[in-house]
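Below is one structure, written out as structure tokens; the observations come after it.
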Amino acid sequence: MGRTNPTYRDALRTIEERWTDFRRALRRRDQPRFDRLFEYAREHADASGLLNHQNPLLPALFSINLEQETRLDDHEERLSELEQRLSETGVEQQQSSGEGNTGGME
């Protein structure tokens, strides 16, 4: 029987295990963020496995960057929507205050 190569997911699990001491040393508020980074890497494990890179940390880091870019795009889109609503509300308020203000000429 031939020998099986470890999967990318196995390599990622090994990396995460090597970083356990680092995670433990983090402040409690940062530990969930640390965990989230590995979740991001697992989200792209299929693509990273196809790459079959010599250093599995590099595709993991790239996967993390992809997920963070996605989050940034989502936040920018949301911010644009909020800014648009805010400017529309400001215009409506200016129009309604202009209609109610007759300048004392009644």
From CA spacing to verdict: side chain to side chain contact (heavy atoms under 4.5 Å, CB included), L86, E83 = CA-CA 5 Å; L86 191 59; E83 286 174 337; 5.6 Å; no
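- Ionic pairing of R27 and D30 is not present here: no N-O contact between side-chain nitrogen and carboxylate oxygen is shorter than 4.0 angstrom.
- Annotation: the span from Q31 atom CD to F22 atom CZ amounts to 10.5 Å, rounded to 0.5 Å.
- Annotation: the span from L61 atom CG to N55 atom CG amounts to 8.5 Å, rounded to 0.5 Å.
- Under the 4.5 Å side-chain contact rule for hydrophobic residues, L37 and L66 do not share a cluster.
- In the hydrophobic clustering of ILVMFWY residues, with side-chain heavy atoms under 4.5 Å counting as a link, F38 and L57 come out together.
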Check against side chain to side chain contact (heavy atoms under 4.5 Å, CB included), H44 and I64 | CA-CA 9 Å; H44 299 278; I64 290 167; over 6 Å; no
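- Listed by first then second residue, pairs satisfying side-chain hydrogen bond (donor to acceptor under 3.5 Å, both in side chains) with a partner in residues 6-17 read T7-D10, R9-D46, D10-R13, E16-R42, not counting sequence neighbours.
- When all heavy atoms are compared, the tightest approach of A41 to S63 is CA-CB, 3.9 Å.
- You'll find the side chain of R33 stays beyond 4.5 Å of the side chain of L26, heavy atoms only.
- There is no path of hydrophobic side-chain contacts, each under 4.5 Å, that joins L51 to L12.
- A side-chain hydrogen bond (donor to acceptor under 3.5 Å, both in side chains) check over residues 68-82, counting only residues at least two apart or in different chains, returns the pairs Y40-R71.
- Side-chain contact check for I15 versus P56: some heavy-atom pair is nearer than 4.5 Å.
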